[in-house]
Amino acid sequence: MCRRNEDFARTVLLLGQLALYAHTVGADAGFIAAVGPSLAASLPEPPPGTFPPGYDPNGGPDYPGEKS
């Protein structure tokens with residue numbers, strides 16, 4: 001596996017583990033609030049083939065309260 005794929009997979013795995021931790025009794029909310037956004041922001045570009053050709057992550061519907 002190339003380094004780029006490994007980085008992406010490792011970061012996604014860590015986000016999943018953090019999500020599981022967030023649902024445990026006594027989870028540290030401050031830790032989750034600090035680490036979650038940091039992990040999400042550190043996601044590298046997804047490996048080629050992760051999304052179909054022409055996929056636009058910003059092409060979805062408007063959310064309530066957003067202007068068109």
*Which heavy-atom pair separates Ala22 from Ala27 by the least distance, and what is that distance?*
O-CB, 4.0 Å
Using distance only, find each side-chain donor-acceptor pair of residues 28-41 under 3.5 Å and give its atom names and separation, not counting sequence neighbours.
residue, atom, partner, partner atom, Å
Asp28, OD1, Gly30, N, 3.0
Asp28, OD1, Phe31, N, 3.3
Ser38, OG, Ala34, O, 2.9

*Measure the CG-CG distance between Asp7 and Leu43 for me, rounded to the nearest 0.5 Å.*
10.0 Å
